[in-house]
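Here is the structure we will look at, set down as structure tokens.
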Amino acid sequence: MDDSITLKGIKQGLLVTVKPDGRWTELSSRLMTLIDSQSSFFRGAQVTLSLGERELRRHELANLQTALAKRDVTLLAVLSNSAMTQASTRKLGLETQLEALAHLEGKGLEPVQSLRPPPIDPEEHGTTGVLVKRTLRNGRTVHSHGHVVVVGDVNAGAMIVADGDIIVWGHLRGTVHAGANGDEGAVVCALHLAPTQLRIAGYITISPDERRRKPRPEMALVRNGRIEAESWEL
Amino acid sequence: MGARVITITSGKGGVGKTTATANLAVSLATLNKKVVCVDADIGLRNLDVVMGLENRIVYDLVDVVEGRCKLRQAMVKDKRVPDLYLLPAAQTRDKTAVSPQDMVALTDQLREDYDLILIDSPAGIEWGFRNALAPADEVIVITNPEVSAVRDADRIIGLIEAEERRIPVSLMINRVKPEMVRRGDMLSVNDVMEILSIRLLGVVPEDQEILISSNKGTPLTLEDHKTPAGEAFLNIARRVTGENVPLISLDQKGGVLRRLARMFGSSDST
Ligand SMILES: Nc1ncnc2c1ncn2[C@@H]1O[C@H](COP(=O)(O)OP(=O)(O)O)[C@@H](O)[C@H]1O
Ligand SMILES: [Mg+2]
């Protein structure tokens, strides 16, 4: 059986996964054929596309969006770990993360499972991650399109920028930016959260000046339009 | 292979690299080691001044590298101790006159005949630092208990750790003022160690005698009377030779003077 296109019901509607290999023109027309063959099932559906590594330009994605719209199918989000595809997605004003669609929960088909990936599982929709097993000292930087996990401290003057989450199994003193591509669902966790500056998507905060507070594991996340820290339950 | 080459560096200037090089060199020589110190601070030489050997310089490191003299001719002997020599930096040239390869070749020539080669680095993380690091078997990073100095030490340690060959790094904290630490006005040894998390080689207290001795050109270890910093340098020298001289923590109770004696004094003090 051809498994280059698979369908799955999720909280936010329908998840369509298209294998990252094979020619796009051929696969997209195969998807349209599939939709046409079951048009009553698809009519009015809200679709999230999962493309893995596949690189798509803006016009390719725009063509697909138009073709779907003709069939009364709405494209909500495109999940990909290709920087190019992510950029194309954003240019079309579409979401690149499922979390961003939380407001749509319950509107789609029957919820099968939550697709919010555990922070560091690289298997979930192909997210890549970086594991740093040493202290990140002053002057060091780590950039990743996925999540970043540091086993060690992140010292002042070090910087981490990740499209995903940032987890520090140690003392976080440096500057970190999680959800750097705009994902407000990204989080920053540390055994001792005392960053010089902490950013999530477009939000910025600095550590409160509490000296000698007994350190405890904390998680920073965006809530009510600002970054908040809460106890990180391990 | 002969001598161990130990580079003394810091990132930030003025934290006590030259003072430490001079005092460790003299201490090691009094412990009967054959020692050479190399001033790698080309253009800003002052190890010779602190050691009191300035007026005996004829040739310098750049003269050796450029073939104007033999290595042996450029070495200045310190007559106050058995086996201590200084290879001075050039004053009139800049640091680009010497390359990392030159430094390796030069120390390789010295390894046969000595036990320890100490290299005093210039401030900064560029050319001069690279020159001083290239021949190093070990590095001693010096910092003061001060946020900006610790930052720079962290940067330097990161650069050394990023080297392909593994170079052991240890830390020396200089100019600690126990009263200020107790009042919470200065980072404690523990504060510094928590950030830098590398091996602690020793702690040297703030000591006015350092200034006096530098001006005289007599490293503290050569003075007749005991001084807190002089004793601390001697203890560090003994640790460098592999002797097990315990470190005493800052957190112990007791009067300042007694604590000073415990922290910095000879290993037998109680
Ligand atoms: N433990 C100390 N107590 C008091 N003064 C010190 C101490 N260590 C260094 N100094 C002073 O600090 C200044 C800078 O020291 P120096 O060894 O020249 O630093 P660097 O070589 O790192 O630039 C000198 O004036 C020196 O006398
Ligand atoms: Mg100096």
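All heavy atoms count here, side chains included; hydrogens, waters and symmetry mates do not. Below, chain A is the first sequence line, B the second, and so on; all start at residue 1.
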Q.
For B/Glu194, which atoms come within 4.5 Å of any heavy atom of chain A: side chain, backbone, both, or neither?
A. both
How far does [atom1] of [X] sit from [atom2] of [Y], to the nearest 0.5 angstrom?
X: B/Ser197; Y: A/Arg137; atom1: OG; atom2: CZ; value: 5.0 Å
X: A/Asp153; Y: B/Leu196; atom1: CG; atom2: CG; value: 10.5 Å
X: A/Asn155; Y: B/Arg155; atom1: CG; atom2: CZ; value: 12.5 Å

Q.
Among residues at least two apart in sequence or on other chains, which ones pass salt bridge (charged side-chain N to carboxylate O under 4.0 Å, His left out) with B/Arg175?
A. B/Glu206
Q. Excluding sequence neighbours, so at least two apart, what forms side-chain hydrogen bond (donor to acceptor under 3.5 Å, both in side chains) with B/Asp108?
A. B/Arg111
**Q.** Side chain proximity check, A/Arg140 to B/Leu159, heavy atoms < 4.5 angstrom
**A.**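 In short, these two side chains touch, coming nearer than 4.5 Å.
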Q. Hey, does the side chain of A/Asn138 reach the backbone of B/Gly158 with a donor-acceptor pair shorter than 3.5 angstrom?
A. no
(Q) Given heavy-atom pairs under 4.5 angstrom as the criterion, report whether the side chain, backbone, both or neither of A/Arg134 touches chain B. (A)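 A/Arg134 has no heavy atom closer than 4.5 Å to chain B.
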Q | Residues, nucleotides or ligands: over 12 heavy atoms within 6.0 Å of B/Arg130 CZ | A |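 Yes, the 6.0 Å shell around CZ holds more than 12 heavy atoms from other groups.
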Q) Is it the case that more than 12 heavy atoms not belonging to A/Leu131 sit under 6.0 Å from its CG atom? A)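 For A/Leu131, atom CG is crowded (more than 12 foreign heavy atoms under 6.0 Å).
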